[in-house]
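No hydrogens, no waters, no symmetry mates; every other heavy atom, side chains included, goes into these values. Residue numbers begin at 1 in each chain, while the letters A, B, ... track the order of the sequences.
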Amino acid sequence: MYEPIDQSFFEKDTLELAQQLLGHYIVHEQQTGLLVGRIVETEAYQGPEDRAAHSFRNRRTKRTEIMFQKPGYAYTYQMHTHTLLNVVAGSIETPHAVLIRAIEPVLGMEQMRLNRGAHVKEVNLTNGPGKLTKALGITMQYYGHHLLDRPLFISQGEGRKEIAVSPRVGIGNTGDAVHYPWRFYEKDNPFVSKYRL
DNA sequence: TTTAAGATGCCC
DNA sequence: GGCATCTTAAAC
């Protein structure tokens, strides 16, 4: 039923990929069962020109190294107490990534509740980049994992509604980059994260 | 070796 | 609005 998508899917312009990811599934096959979420919000980060990107000015470190590889790898990193998940984008040596900011629970909601806490309302289970990784059980162990490989992969979706666009969330102090319209989400979807400065 | 900062989220 | 709490990078 859920099968990894083709490598060619990742090989497109980064802004295009960020939009194309909307409506596709993230699948995590765990011992406890299948966890599936439908991607409803993404953001593009395009080093070396993009001041908000970790790879700004081709900064190449242990953390950013995966962004210089071929597209389709998972770039996970720790943000305070949370793990955030990116899909590496752009050709080799072009350090782009697409941050997955929100998903809509499709399968395994019981386990997602266990991962997130029983008192959390359904709409708040996965409506943020740190929330969805916790719900899906995604940790730093997936840094450098390729998203065509089980147990964590992208799977073909069944389409999406209208795409809305906005500036990216939570990038203060990055000059012009603050205004780039590189956040994409499915219009009117209740699982999209709250916009913050 | 030490320190600061961060693509967040939860609680007060 | 404060603060948790972890990884990395850059300062010293």
Side chain to side chain donor-acceptor pair (under 3.5 Å) between A/E43 and A/Y45, worked out: CA-CA 7 Å; A/E43 281 179 358; A/Y45 287 86; 2.7 Å; yes
Touch class at under 4.0 angstrom, heavy-atom based, for A/R168 against every strand present: nothing
A/Y180 and A/W182 aromatic ring geometry - parallel, tilted or perpendicular at 30°/60° bounds: tilted
Proximity to DNA chain B (any heavy atom under 4.0 Å), residues of residues 176-188 of chain A only: none
Assigned partner base of B/dT2, Watson-Crick or wobble definition, under 3.5 Å: C/dA10
Beyond-backbone contact of A/R183 with A/V169, side-chain heavy atoms, under 4.5 angstrom: yes
A/H146 and A/F153 aromatic centres sub-6.0 Å: no
Hydrophobic cluster membership, A/L85 vs A/Y2, 4.5 Å side-chain cutoff: no
Residue whose closest nucleotide on DNA chain B lies nearer the 5' end, A/I171 versus A/R116: A/I171
Interface with DNA chain C, restricted to residues 72-100 of chain A and to heavy atoms under 4.0 Å: A/Q78, A/H80, A/T81
Check: A/Y73 ring centroid to A/Y75 ring centroid under 6.0 Å: no
Span of DNA chain B, from the first to the last nucleotide whose atoms fall under 4.0 Å of chain A heavy atoms: B/dG6 to B/dC10
ILVMFWY cluster, A/I26 and A/L22 together (side-chain gap under 4.5 Å): yes
Side-chain (A/S155) to main-chain (A/E3) donor-acceptor, under 3.5 angstrom: yes
A/H82 and A/Y77 aromatic centres sub-6.0 Å: no
Length of the NZ-C1' vector between A/K134 and C/dC6, whole Å: 14 Å
Cluster overlap A/V98 with A/F10, hydrophobic side-chain contacts below 4.5 Å: yes
